[in-house]
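Each remark here refers to the structure printed beneath this line.
So that the names make sense, note that chain A is the first sequence line, chain B the second, and so on, each numbered from 1. Just so you know, these numbers use all the heavy atoms, side chains as well, and skip hydrogens, waters and symmetry mates.
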Amino acid sequence: MNLILSIAQIVLVLILAPSVSWWIKKIKALSQNRIGPTILQVYADLGKLFQKGMVISDQASWIFRAMPYILFSSALMAASLVPLFFKSSLLGFSGDLILFVYFLALGRFFLTLAALDTGTTFGGMGSSREMALSSLAEPALLLSFFALAYRAGTLSIEGIVLHFSLEAPFPILFFTSMAFGSMLIVTFVESGRIPVDNPATHLELTMIHEAMILEYSGRCLALIEWAHQIKQFLFLSLLVNIFSPWGLADSTMGIHLLFSFLFFLSKIFGLAFVIGWVEIHTAKLRLFRVPDLLAIAFVFAVISLLGQLMIGR
Amino acid sequence: MNQELISSLIHLMGMLFLVSSFAMIASPQLLSCIRFYAMHSFFLAAITALVAYGSHVEHLYVPAILTLILKTWVIPQIFFRLIGRLSIRRENDSYINIPFSLVLATFMVFAAYYATGDLKVLNPAFSNEFVPLAIATILIGMLMMVTRKKAISQVLGLLLLENGLFLMAVTMTFGMPLLVELGIFFDVLVGAIMMGIFVFKIRDAFDGIDTDDLTGLKG
Amino acid sequence: MTIFGLLSIPLVFGFLSLISPARKLVQLFFVLGATVLGAGGWWVVLRFSSSGRIFALNENLMIDAFSALFVLIIVSVGFLSSVYGAGYLFNETEPAIPTAKLRRYAFFFHLFLFTMLLTVCSNNLGIMWIAIEGTTLASAFLVNVDDKKSSIEAAWKYLILCTVGIALALFGIILVYYSVASGAAGAGKEFLHWTFLMEKARQLDPEIMKLAFVFVLVGYGTKMGLAPFHSWLPDAHSQAPSPVSALLSGVLLSCAAFGLVRFHSLTQVVTNSQFSGNLLILFGMLSVAVATPFILRQTDYKRLFAYSSVEHMGLVAVGFGFGGKIGIYGALLHVVNHAFTKSLLFFTSGHLLYYYRTKEIQKISGMIKKVPFLGTIFFLGVLAIAGLPPFSIFVSEFIILVSGFIAERFVICAFLLFLLALIFAGLLKHASGMVFGSGEQPAVTKKSVLMNNVLCVGIILILVSGFYIPNFLSRLLEGASQIIQGKS
Amino acid sequence: MQYTATGYSKPLRRIFSFLYQPARRVEVEDDGLEVLRTAKRFESKVHPFFEETFYKPLSRLILSVSQKVKAIQTGHIQLYLSYIFVTLVLLLIFLRISR
């Protein structure tokens with residue numbers, strides 16, 4: 001029974017990921033008095049891309065062709081480590097926290113490599129910026145994870161989620177909220193949202209994430225887009241499950257599951273609303289102002305870790 | 001031969017034992033050094049025999065006789081023939097001159113007596129002043145090995161050291177089981193013979209047994 | 001009965017090879033002796049139940065799990081060395097060694113194996129002392145088979161220093177005998193038996209035991225190559241022919257360690273304090289610390305391996321010093337691994353000498369291109385001795401350090417790791433200089449089959465034992481670790 | 001127009017400039033007329049921070065120490081014998097003191 005539920009969680013990730021990015025687009029559109037895309041639009045885009053043929057330059061090496069599949073499978077593997085509405089993830093083991101971060105890093109590595117593959121300036125520019133920013137974001141992410149892991153006493157994401165779900169709901173601990181702040185900033189960087197990188201821009205000079213996948217088309221582009229949405233969804237669900245995990249179902253009773261699923265959905269879309277709202281109200285930072293933002297995230301993470309170590313509250 | 005006559009004889013032998021080790025240190029010539037070594041072993045054999053007789057430990061006679069035969073006669077003969085055949089300079093040159101090494105030797109004796117002074121633990125029934133004597137001989141043996149330049153005098157220093165050990169073994173424990181005693185004896189004998197052979201080889205290769213030119217292997 | 005059988009094999013074949021006229025016959029008896037000994041040794045060890053004890057000569061000789069382990073090492077490395085020696089000495093060296101000298105070499109080789117086996121199988125501490133003194137005398141001739149100036153000098157220093165050291169150890173044994181004799185009445189036959197001493201350990205006076213351990217530590221420490229007394233080791237091991245230095249480095253040092261550990265376990269029970277353990281750690285650390293600069297600045301690759309023996313013996317001493325079940329298990333495993341890895345390295349250095357005719361590290365380069373087979377084995381060997389994971393040395397070094405952390409000695413372990421890192425860097429610098437890069441053609445190109453397959457056996461051994469410790473070996477290790485802790 | 005390594009590492013060098021201390025040198029040659037430049041050279045270098053401050057001094061120290069320590073193996077057998085005896089005496093004194 002647990003197995004089926006864990007697999008269901010992964011299928012849920014696959015389905016829900018595009019809807020979250022649709023939801024953010026919808027909020028942005030409504031704030032600009034536009035109607036914005038319907039929910040089916042995002043799925044239709046993916047479907048269309050899957051049917052389209054691919055144009056691959058003859059200078060591209062095997063990395064160019066292999067990258068989308070590696071990116072998608074690493075995103076899926078990371079998804080299999082995160083419990084959504086049910087307490088046990090598919091492949092959870094003690095220490096999968098670090099594996100989660102490095103599955104994403106694996107995907108990012110091949111993404112940047114493939115961007116350089118065709119030799120276009122935009123690909124090179126995008127991947128060099130991605131590398132610079134992720135070399136700042138990753139330590140912040142890991143440190144905040146370690147702060148939480150130190151508090152929960154285990155290095156497995158399930159353990160952390162379970163530990164926080166058992167804690168009393170309202171004494172929001174000062175240090176863990178610092179960790180929440182730093183992880184939120186890292187989510188912006190990882191998912192390429194406005195303060196760091198504009199997903200909907202056509203001006204190549206400002207792109208980071210889009211610049212890397214400029215060369216892709218057809219099925220590869222679809223896989224990359226999907227993987228990107230899954231990654232964004234994973235970060236959101238991590239934030240949601242660690243910092244407000246109370247509805248999580250631990251028994252496999254129907255009602256529990258239904259309730260925790262609905263509660264999970266509302267939390268996810270609530271957080272997505274926050275991200276959308278931030279995207280509306282902030283302008284894109286200059287590239288060399290982003291390290292300051294990430295430095296703040298890093299300081300938050302260090303303070304929360306030291307707080308846990310020193311005071312342990 | 002009543003008890004205190006034996007003990008006084010043993011004390012005399014012990015003193016002569018110490019004197020002969022001093023003589024070995026003080027002898028400028030190699031040949032005289034070997035003769036003193038023979039005397040030194042003779043006194044050791046005498047002490048062993050007397051201790052055997054005094055404390056009625058029969059199996060101690062065997063090492064006494066062996067010491068008498070081997071160490072007072074066989075080994076010195078080997079060395080005499082060795083020196084004869086080697087045709088090397090006979091002086092016993094060393095890093096420090098004779099008077100200074102004698103002063104160091106006496107210091108060694110005092111150190112030995114001081115070291116075993118309050119060692120209440122070492123009180124063999126028969127003659128407890130032999131323990132510091134043995135330790136003194138060991139220290140003098142060490143001194144001789146470290147300060148002498150000739151390879152043969154180093155070997156003699158080593159044999160002196162082993163004589164001290166034998167004295168310790170005899171007086172402290174009335175001799176260990178015969179098997180072990182014999183084994184130690186032959187080891188020392190073979191060791192002495194091997195060193196003789198090597199001195200001969202050194203003489204052939206380095207035409208001279210001065211350890212100063214034995215410093216090829218560095219670093 | 002089995003002990004007599006085992007001990008008589010090397011003696012018989014030693015005399016046979018001494019009296020046999022033809023060169024081929026000497027070689028035959030030489031290798032045959034080692035093979036029979038190998039078979040006999042493995043038969044005894046395999047059939048041996050780890051808790052049992054075999055006695056002989058009214059309890060003067062004994063084989064228990066601890067000594068069975070060392071019999072295993074002596075016999076296997078002895079076999080490998082004799083097969084390699086047969087290939088190397090008997091027909092490869094270009095000024096062919098005269099048969100008379102080879103007869104002497106074969107005789108002393110077997111005598112050397114006999115004295116080491118006697119050391120390991122003796123229950124009586126006096127006999128063990130005699131045997132260790134015997135190893136010095138037997139191996140002194142093996143060190144200078146070719147009468148070069150440097151090898152005579154090395155053999156001379158080896159003889160003098162080890163005899164002095166061993167004489168001091170005799171002092172320790174006399175003290176032990178005295179403390180037993182003054183306790184019990186009369187001159188009992190079994191006063192020096194290790195088993196008897198372990199039972200009577202409570203009644204022995206700790207003060208005398210500490211004094212005795214100090215002397216024995218200096219004595220057997222000289223034979224084992226611990227730090228301040230190690231000066232003879234690089235000279236002797238680098239001047240001896242490769243099969244002999246493989247035996248010296250791999251097995252003789254371990255036998256001296258065997259004697260030292262017999263005393264360490266006795267002292268630990270008598271004084272039931274960490275006195276002897278701390279001393280072992282002190283001298284072990286000193287050995288590793290002294291070996292490091294010499295490894296970093298070395299110009300002669302055989303001396304490089306000799307100093308790495310000093311380092312590994314220091315590690316073994318530290319392992320025994322940490323004590324506890326894991327520490328002793330790790331140290332024993334390290335002795336076994338070091339024996340095989342170091343002998344392999346000396347075999348390869350024999351190969352190197354055969355091909356390149358020089359011991360200078362600078363003069364050899366580009367081995368991988370000129371002699372690819374030897375180059376790979378040499379490089380893998382150096383990686384193994386430096387403690388790289390797939391190989392067995394890493395496993396035992398790891399266990400020793402784990403026991404160090406369990407014993408809460410963090411500063412020592414940290415300093416040890418720093419030194420090991422330096423040694424790793426030093427070894428790699430030398431090895432990569434020799435193996436890679438553009439090299440000139442070696443002096444000789446004729447391959448010797450016998451020598452090659454010994455190398456293959458060696459490299460397979462250390463690779464396999466890196467992954468999997470056969471259960472009879474782990475049973476022996478556990479049994480030995482129990483015995484050393486005095487809980488057998 | 002592919003991205004070169006220098007270009008690729010520009011953002012990183014700029015972000016971690018306190019660590020890398022990037023140094024740039026631009027040389028312009030012209031014979032007389034400033035406008036008509038004959039040659040131009042550009043050179044940019046990154047200061048190897050860790051190597052300079054940590055690894056080089058450490059390795060210099062260790063190699064010099066190991067050169068000095070080599071002096072304990074001078075070849076004189078008397079020296080080696082004195083090592084043994086001095087250690088023995090020190091141990092005995094330590095034993096007397098610690099009793």
Assess whether atom [atom1] of [X] is packed by more than 12 heavy atoms of other residues, nucleotides or ligands within 6.0 Å.
| X | atom1 | value |
| --- | --- | --- |
| D/Phe50 | CZ | no |
| B/Phe185 | CZ | yes |
| B/Phe107 | CZ | no |

> Mind checking which of residues 76-89 of chain D sit less than 4.5 Å from chain B, heavy atom to heavy atom?
Replying inline: D/His76, D/Ile77, D/Gln78, D/Tyr80, D/Leu81, D/Ser82, D/Phe85, D/Leu88
>> My understanding is that only residues two or more places apart in sequence, or in another chain, count here; which of them pass salt bridge (Lys or Arg N to Asp or Glu O under 4.0 Å) with D/Lys10?
In response: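 Applying salt bridge (Lys or Arg N to Asp or Glu O under 4.0 Å) to D/Lys10 gives none.
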>> Checking D/Glu27 now: which residues fulfil salt bridge (Lys or Arg N to Asp or Glu O under 4.0 Å) with it, not counting sequence neighbours?
In response: D/Arg25, D/Arg41
> Can you name the residues that form a side chain to side chain donor-acceptor pair (under 3.5 Å) with B/Tyr95, not counting sequence neighbours?
Replying inline: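 Applying side chain to side chain donor-acceptor pair (under 3.5 Å) to B/Tyr95 gives B/Asp212.
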